2 protein chains.
Amino acid sequence: MVNFTPTEEKIFEAATAVFIEKGLDGARMQEIADKAGINKALLHYYFRSKEKLFKTIFFNTLTNLKPVITQFFMEEDNLENKVTKFVGGYIDFISRNPHIPLFILNELRKKPDFFLENMDSHKMINFSKIEQILNKEINEGRIIEIDYRHFIVNMISLTIFPFIGKPIIQFFSKMNDEKFQQFILERKKIIPEIIMNSIRP
Amino acid sequence: MVNFTPTEEKIFEAATAVFIEKGLDGARMQEIADKAGINKALLHYYFRSKEKLFKTIFFNTLTNLKPVITQFFMEEDNLENKVTKFVGGYIDFISRNPHIPLFILNELRKKPDFFLENMDSHKMINFSKIEQILNKEINEGRIIEIDYRHFIVNMISLTIFPFIGKPIIQFFSKMNDEKFQQFILERKKIIPEIIMNSIRP
DNA sequence: GTCTATAAAGGGATAGAC
DNA sequence: GTCTATCCCTTTATAGAC
């Protein structure tokens, strides 16, 4: 993180790991201090309270999710490329940080206001461009009529849910971690096909 | 719950609501007692510890999820009917209990063993039937080659994720609760179409 | 800035009266 | 079976020395 002293940086790294793994309620300041190689008092010296430290971590984590989203919603490209990039980009990112989706969604459910109050949504997502692209394709008869909200939710559902449901999927289909990673990679190809198939006339 | 005295029943109802909303770490015995209209001591009299009370709630909640799953994996029917019933059944159930998926998946991630140790998986799900049905369709050329695991994960992702992502979806697409419910109902029709489309030759 | 020690509050669990 | 009172460990947060 920019503008952080080395100590702040250590705390930040440790807190990120602990909060994402345990959640706000499950995380312990002691564990964060241990992981950062300092003591509890220093946590409060730098970040004042658990709540404030959590906020820093939470919104930074959200920020890390932005690039692939903004690329999808803002960049000029054809529909299939956009979908392929989004799915590939997200699978790569979440593969490296597999606990982030559940962390975000879970904390968000407990405090929905938290989000509204602190997000600058319009700098992140503007539906008008993707809506416009879809409408053009619909009007020129290249795809069927589709509500852009379902289109987006379908794409995100297929991409992210497998990470959230990992323990159940692995349990029932008896995949080890390696097989599961393989399974996830296969989806980079499968999901864009499903999405594009679902709107073909 | 069967075999419960009226007091146990009250505790059970209150604990279910609180644990599902707050999670194991976030739940407070005091809040459960208040909601049940009794005091903390009685909770321990009947359920011994927070951990034991939680286990009761958790596994009962899992049991409630079973019928639609077993119907899908066990019942004799054609593929399209199976998918339609599964999607419809789950959307109905989760609409009535919208916080259950995140509750289950979140607790499961924190303690993956919890599940393995206590689930009688094979009474619940047996993949051989659905695999067999898919293979028959593939061999007779009515659908394309598809890994049954992706087929199942796709169906579940499209059905369940929108509930998990509700706060984000509502935030970005500016739907109120009524509109969101409408959005979810539309998916009963959309999801089976996508799934069946994705395997058409 | 960083530490040790400790205050202060929170929350699960139990004893004992009724 | 149900209550009040209380124990006691855990955890956040601060005071104060260095």
Side-chain angles (χ1 to χ4, degrees), chain A residues 1-61 103 106-107 109-111 113-114 118, chain B residues 1-61 99 103 106-107 110-111 113-114 118:
Chain A
M1 194 92 154
V2 274
N3 294 334
F4 269 8
T5 67
T7 305
E8 282 175 310
E9 189 63 35
K10 278 193 299 180
I11 295 172
F12 179 79
E13 299 293 337
T16 299
V18 174
F19 276 130
I20 286 180
E21 191 192 331
K22 305 275 174 78
L24 172 58
D25 294 327
R28 294 289 162 257
M29 295 296 264
Q30 186 63 61
E31 187 180 352
I32 294 171
D34 292 347
K35 197 159 221 158
I38 50 141
N39 58 50
K40 275 190 300 177
L42 261 200
L43 295 183
H44 290 91
Y45 175 78
Y46 280 108
F47 291 92
R48 195 90 196 127
S49 72
K50 184 183 180 184
E51 188 80 13
K52 282 199 169 59
L53 177 54
F54 176 78
K55 274 200 178 186
T56 305
I57 304 303
F58 184 79
F59 287 108
N60 175 264
T61 304
F103 167 66
N106 202 48
E107 300 298 335
R109 185 182 56 84
K110 289 192 217 157
K111 296 191 187 183
D113 326 335
F114 213 64
N118 299 65
Chain B
M1 194 98 152
V2 274
N3 294 334
F4 269 6
T5 66
T7 304
E8 282 174 310
E9 190 63 34
K10 276 192 300 181
I11 294 172
F12 180 78
E13 298 294 337
T16 299
V18 173
F19 276 129
I20 287 180
E21 191 191 332
K22 306 275 175 78
L24 172 58
D25 293 328
R28 295 290 163 257
M29 295 296 265
Q30 186 63 60
E31 188 181 351
I32 295 172
D34 292 347
K35 197 160 220 156
I38 50 140
N39 57 50
K40 275 194 295 179
L42 261 201
L43 295 184
H44 290 91
Y45 175 79
Y46 280 109
F47 291 91
R48 198 81 201 136
S49 72
K50 186 184 180 184
E51 187 80 13
K52 282 199 169 59
L53 177 55
F54 176 77
K55 274 201 179 186
T56 305
I57 304 303
F58 185 79
F59 287 107
N60 174 265
T61 304
H99 292 158
F103 166 68
N106 202 47
E107 300 299 334
K110 289 193 217 156
K111 298 192 187 183
D113 327 335
F114 212 64
N118 299 66

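In what follows, chains are A, B, ... by sequence order, proteins preceding strands, each numbered from 1. The analysis underlying the following values was restricted to heavy atoms, covering all of them including side chains, and did not include hydrogens, waters or symmetry mates. Only a predicted model underlies this, so the values are computations on that prediction, with no experimental measurement involved.
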Verify the contact: side-chain N or O of B/T7 to OP1 or OP2 of D/dG1, cut-off strictly under 4.0 Å; return yes or no. no
Nearest-Å distance, CD (A/E9) to C1' (C/dG1)? 17 Å
Rounded to whole Å, CG of A/D25 lies from P of D/dT11 at a distance of 13 Å
Shortest non-hydrogen contact between A/A14 and A/K35, atoms and distance: CB-CB, 3.8 Å
For residues 30-54 of chain B, which residues have at least one heavy atom under 4.0 Å from DNA chain D? B/I38, B/N39, B/A41, B/L42, B/Y45, B/Y46
For the pair A/R109 (side chain) and B/E21 (backbone), establish whether a donor and an acceptor sit closer than 3.5 Å, ignoring hydrogens and angles. yes
Restricting to non-hydrogen atoms, name the atom on A/L53 and the atom on A/I32 that form the minimum distance, rounded to 0.1 Å. CD2-CD1, 4.2 Å
Five-pair end axes of the helix from C/dG1-D/dC18 to C/dC18-D/dG1, angle between them (10°): 10°
Using the ring centroid of each side chain, check whether B/F19 and B/F54 are separated by less than 6.0 Å. yes
Do A/K50 and A/L24 have side-chain heavy atoms sitting under 4.5 Å apart? yes
With a cut-off of less than 4.0 Å, is there a side-chain N or O of A/R28 near OP1 or OP2 of D/dT10? no
NE2 (B/H99) and NZ (B/K22) are apart, to the nearest 0.5 Å, by 11.5 Å
Give a yes or no on whether the backbone of B/T5 and the side-chain of B/E8 come within a donor-acceptor separation of less than 3.5 Å. yes
Rounding to an integer number of Å, can you tell me how far A/L24 CG sits from D/dT12 C1'? 12 Å
From CA spacing to verdict: side chain to side chain contact (heavy atoms under 4.5 Å, CB included), A/M1, A/E9: CA-CA 7 Å; A/M1 194 92 154; A/E9 189 63 35; 4.0 Å; yes
